[in-house]
Amino acid sequence: MNAAAKAESPASQQSLDALRHSCAHVMAQAVQELFPGTKITIGPAIDNGFYYDFDSPHRFTEEDFPAIEKRMRQIAEGNHPFVGKEISPEESRKYWESRGEPYKVEILDGLKGQTITHYTHGTFTDLCRGGHCENTRAIRHFKLLSVAGAYWRGDEKNPMLQRLYGTAWPSKQELDAYLKMLDEAKARDHRKLGAALDLFSVQDLAGPGLIFWHPKGARMRLIMEDWLKTEALRRGYDLVNTPHIANVELWNTSGHRSFYKDNMFSEIEVEKADYQLKPMNCPFHILIYKNRLRSYRDLPLRLAELGTVYRYERSGVLHGLLRVRGFTQDDAHIFCAPEQIEAEVDGCVDFALEVFKTFGFSRYVMEVSTWDAAKPGDYSGAAEDWERAQKALESVLSKRGIEYSLIKGEAAFYGPKIDVKLIDAIGRPWQLSTVQFDFNLPQKFGLEYVAADGSHRRPLMVHRALYGSIERFFGILIEHYAGSFPLWLAPLQVKVMSLTDEQAPAVRDLVGRLSRAGLRAAADLRPEKINAKIRDAQLEKIPYMVVLGPRDVAAGVLSVRLRDGRQFQGVKEESFVNALSREQDLKRTAPSWEDA
RNA sequence: GCCGGGGUAGCUCAACGGUAGAGCAAUCGCUUCGUAAGCGAUAGGUUGUGGGUUCGAAUCCCAUCCCCGGCUCCA
């Protein structure tokens with residue numbers, strides 16, 4: 001049901017993929033039958049489902065789905081075996097040309113020298129390397145989900161095809177569970193919750209991809225920033241601050257004006273010089289490093305900043321808090337000597353794990369991206385640096401007993417990296433932390449340090465972000481907790497409500513005392529029924545509600561309600577404050593009320 | 001940027017060529033109430049924006065901005 005479970009057993013994953021890939025074939029058949037003139041292209045299994053890309057004169061909409069699904073069902077019930085057959089390239093070409101399938105011919109042209117196979121079920125044949133279930137009757141629990149555009153072969157210069165997405169499962173229970181997960185994901189959508197909880201907004205008048213943090217969101221941001229800064233200082237980082245714009249000469253030196261040009265906002269002219277908004281913080285930290293002669297005694301130098309960067313992202317890619325045009329990275333650059341890299345990488349990994357634990361993420365996936373050793377010319381930096389860095393990345397993870405996948409050839413041109421994807425409460429992976437070597441910029445800026453023997457050497461530079469960006473991390477947190485944040489993050493922790501006007505003074509006094517005890521509390525004194533006040537507080541997902549009625553005031557106690565619905569009468573104020581203070585200090589993700 | 005779908009009151013939606021409407025929220029009254037919506041009244045819109053077609057446009061056409069689902073890209 002989730003991304004992590006997917007890895008549990010290669011064999012079962014294989015049969016799932018086979019089911020989904022087969023389902024894609026059946027969908028292609030149904031679509032071609034129902035919409036004549038539709039040309040087929042490719043249709044693989046993907047996480048949780050499948051798709052097939054079509055070139056069709058028909059404009060597909062979701063209204064077509066019932067008819068397609070119905071036909072798919074008929075085909076599946078036809079009990080057709082999937083039969084694979086090896087075929088000569090000439091014969092295959094003849095087959096696809098005669099059927100007027102230009103995309104299949106193009107695929108065939110790309111398969112020179114490989115064995116060609118066709119897979120057939122019933123009357124439908126596809127050019128396909130295989131991986132099918134035995135018989136169409138295995139295809140029973142599926143659903144078409146969406147239609148979308150997709151470039152032929154993923155290249156935006158190619159024509160746009162129409163992609164139909166679907167999901168398929170071995171059992172009805174699994175299908176239903178998956179569909180329920182999709183609903184759950186929709187309900188957790190940070191854009192929806194962000195508006196409902198009044199956390200942030202995007203303003204048309206200001207422009208797309210620019211985030212406005214409202215009071216409650218800003219409060220949470222403050223907490224996230226404070227925690228991170230405190231933790232960074234404790235771990236030997238130095239905090240710095242750098243400007244938002246810089247002369248284009250800086251970006252020429254760094255090379256961003258060439259390799260990152262497409263993502264930068266255009267120049268701002270000031271007194272005949274051109275400036276540009278920063279898309280990255282690295283060059284600024286480098287300038288601080290370079291500001292004076294560095295000794296090996298200065299290393300490792302760890303410069304950290306919550307640095308706000310601006311990137312021109314094409315309009316179609318913006319997405320809530322997860323993909324924006326202005327965002328703040330929790331950025332750090334570590335300058336170190338070669339013999340220090342393993343310890344520094346280990347420090348980064350340790351810090352990242354601390355972040356996950358603190359914010360309540362228990363599962364994650366690590367990926368090490370290395371270079372393609374066959375093409376050293378494609379990369380910046382010396383081979384020995386690459387090899388040493390890659391070894392350090394892997395060694396740190398294996399010494400910690402952390403499983404990771406090694407992705408060869410996936411490194412950026414300037415250095416190898418560890419990427420961390422964390423898995424949220426409903427099993428979705430999110431790209432978050434990154435620990436990345438940079439062999440390019442130290443060279444471009446001519447960075448040096450004086451070694452013990454008096455020689456000048458080039459430091460290694462590690463770029464590291466843990467939240468990734470505060471905006472994205474916030475978006476993920478909202479979805480992870482579905483807006484029910486743990487006490488230490490909740491913008492408002494306690495709502496104290498009066499039963500009748502009589503208790504207004506008592507409510508005000510209590511809010512004052514809670515605030516002085518370091519808790520974020522507010523009063524609800526509206527002349528509403530207690531039901532209405534409770535409902536409003538529940539919708540705000542406030543962790544603790546306190547009701548003061550005549551009985552409570554007379555007895556000098558509190559009536560406490562948790563947002564999970566539990567209620568406690570006759571609670572002593574002191575134990576309430578103590579329990580909440582403890583829960584807040586421990587940054588617990590679940591209420592610690594019961595052990596109060 | 002590309003393909004497709006959308007923008008109507010603060011929010012969720014209705015009206016789909018013939019006088020823009022409801023619920024919630026807001027404001028004002030009444031209600032003083034024991035754990036998820038008390039009652040009433042008032043106010044709120046050049047239907048994203050700009051053009052066009054028409055006797056008449058939220059509705060049809062064109063352009064543009066923004067949003068949504070994807071593609072490509074990515075913190």
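Remember, it's a predicted structure, so these values are computed and weren't measured experimentally. Throughout, protein chains are lettered first and strands after them, A, B, ... in sequence-line order, and every chain is numbered starting at 1.
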Is there a side-chain polar atom (N or O) of [X] under 4.0 Å from OP1 or OP2 of [N]?
{"X": "A/Ser315", "N": "B/G1", "value": "yes"}
{"X": "A/Arg311", "N": "B/C74", "value": "no"}
{"X": "A/Arg561", "N": "B/U35", "value": "no"}
{"X": "A/His319", "N": "B/G69", "value": "yes"}
{"X": "A/Tyr165", "N": "B/C71", "value": "yes"}
{"X": "A/Arg526", "N": "B/A37", "value": "no"}

As a test of reading the structure: which of [options] is closest to the side chain of [X], going by heavy atoms?
{"X": "A/Lys529", "options": "B/C74, B/U35, B/G38", "result": "B/G38"}
{"X": "A/Ala532", "options": "B/A37, B/A75, B/U35", "result": "B/A37"}
{"X": "A/Arg191", "options": "B/C74, B/U35, B/C68", "result": "B/C68"}
{"X": "A/Tyr151", "options": "B/C33, B/U72, B/C67", "result": "B/U72"}
{"X": "A/Ser469", "options": "B/A75, B/U35, B/C71", "result": "B/A75"}
{"X": "A/Met160", "options": "B/G38, B/C74, B/C2", "result": "B/C2"}
{"X": "A/Val547", "options": "B/U35, B/G38, B/C33", "result": "B/U35"}
{"X": "A/Pro208", "options": "B/A75, B/C66, B/U35", "result": "B/C66"}
{"X": "A/Ala148", "options": "B/U72, B/G70, B/G34", "result": "B/G70"}
{"X": "A/Arg59", "options": "B/C3, B/U32, B/G1", "result": "B/C3"}

Given atom [atom1] of [X] and atom [atom2] of [N], what is their separation to the nearest angstrom?
{"X": "A/Glu502", "N": "B/U32", "atom1": "CD", "atom2": "P", "answer": "11 Å"}
{"X": "A/Asp536", "N": "B/C33", "atom1": "CG", "atom2": "C1'", "answer": "15 Å"}
{"X": "A/Arg314", "N": "B/C3", "atom1": "CZ", "atom2": "C1'", "answer": "13 Å"}
{"X": "A/Ile534", "N": "B/C33", "atom1": "CD1", "atom2": "P", "answer": "17 Å"}
{"X": "A/Lys157", "N": "B/C73", "atom1": "NZ", "atom2": "C1'", "answer": "13 Å"}
{"X": "A/Leu322", "N": "B/G70", "atom1": "CG", "atom2": "P", "answer": "12 Å"}
{"X": "A/Leu422", "N": "B/A75", "atom1": "CG", "atom2": "C1'", "answer": "13 Å"}
{"X": "A/Arg163", "N": "B/G5", "atom1": "CZ", "atom2": "P", "answer": "18 Å"}

How far, in whole Å, is [M] from [N] if one measures between their [atom1] atoms?
{"N": "B/A25", "M": "B/C13", "atom1": "C1'", "value": "14 Å"}
{"N": "B/U49", "M": "B/A20", "atom1": "P", "value": "16 Å"}
{"N": "B/A14", "M": "B/A26", "atom1": "P", "value": "24 Å"}
{"N": "B/A41", "M": "B/U47", "atom1": "C1'", "value": "27 Å"}
{"N": "B/C68", "M": "B/C11", "atom1": "P", "value": "15 Å"}
{"N": "B/G34", "M": "B/C16", "atom1": "C1'", "value": "49 Å"}
{"N": "B/G70", "M": "B/G52", "atom1": "C1'", "value": "33 Å"}
{"N": "B/U42", "M": "B/A9", "atom1": "C1'", "value": "15 Å"}

When the aromatic ring centroids of [X] and [Y] are compared, is their separation below 6.0 Å?
{"X": "A/Tyr379", "Y": "A/Phe413", "value": "no"}
{"X": "A/Tyr414", "Y": "A/Phe439", "value": "no"}
{"X": "A/His480", "Y": "A/Phe361", "value": "yes"}
{"X": "A/Trp430", "Y": "A/Phe359", "value": "no"}

Look at the side chain of [X] and the base of [N], then say whether one donor and one acceptor between them are separated by less than 3.5 Å.
{"X": "A/Ser559", "N": "B/G34", "value": "yes"}
{"X": "A/Arg325", "N": "B/C74", "value": "no"}
{"X": "A/Asp204", "N": "B/G48", "value": "no"}
{"X": "A/Asn531", "N": "B/U35", "value": "no"}
{"X": "A/Arg535", "N": "B/U35", "value": "no"}
{"X": "A/Tyr51", "N": "B/G70", "value": "no"}

Mind checking who [N] pairs with, Watson-Crick or G-U wobble, both distances under 3.5 Å?
{"N": "B/U27", "result": "B/A41"}
{"N": "B/U64", "result": "B/G48"}
{"N": "B/U32", "result": "none"}
{"N": "B/G1", "result": "B/C71"}
{"N": "B/U12", "result": "B/A22"}

- Relative to the ring of A/Trp213, is the ring of A/Phe474 parallel (under 30°), tilted (30 to 60°) or perpendicular (over 60°)?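 Geometry flag for A/Trp213 against A/Phe474: parallel rings.
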- Task: Could you check whether the rings of A/Phe54 and A/Phe60 sit parallel, tilted or perpendicular, using 30° and 60° as the cut-offs?
- Result: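 Because their plane-to-plane angle lies in the 30° to 60° range, the rings of A/Phe54 and A/Phe60 count as tilted.
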- Task: Inspect the contact between A/Arg526 and A/Asp524 and indicate whether a charged nitrogen and a carboxylate oxygen are less than 4.0 angstrom apart.
- Result: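 So A/Asp524 pairs with A/Arg526 through a salt bridge.
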Under 4.0 Å between any heavy atoms, over every strand shown, what does [X] touch: base, sugar-phosphate, or nothing? Just pick one.
{"X": "A/Val324", "value": "base"}
{"X": "A/Gly149", "value": "base"}
{"X": "A/Glu528", "value": "base"}
{"X": "A/Gly549", "value": "base"}
{"X": "A/Pro527", "value": "base"}

- Query: Around atom CD of A/Gln203, are there more than 12 heavy atoms of other residues, nucleotides or ligands at under 6.0 Å?
  - Reply: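 It does: A/Gln203 CD has more than 12 such atoms within range.
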- Message: I want to confirm an ordering. Mapping A/Arg551 and A/Phe327 to their closest nucleotides on RNA chain B, which one lands closer to the 5' end?
- Response: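 The answer here is A/Arg551.
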- Please tell me which of A/Gly209 and A/Leu161 maps to the more 5' nucleotide of RNA chain B, matching each residue to the nucleotide holding its nearest heavy atom.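 Checking each residue's closest nucleotide, the 5'-ward one belongs to A/Leu161.
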- Task: Check the pair A/Arg472 / A/Leu321 against side chain to side chain contact (heavy atoms under 4.5 Å, CB included), numbers first and verdict last.
- Result: CA-CA 5 Å; A/Arg472 178 175 288 182; A/Leu321 291 170; over 6 Å; no
- Message: Can you confirm if the NZ or CZ of A/Arg235 lies within 45° of the ring axis of A/Phe351 and under 6.0 Å from the centre of its six-membered ring?
- Response: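 Because its charged atom sits under 6.0 Å from the ring centre and within 45° of the axis, A/Arg235 does stack over A/Phe351.
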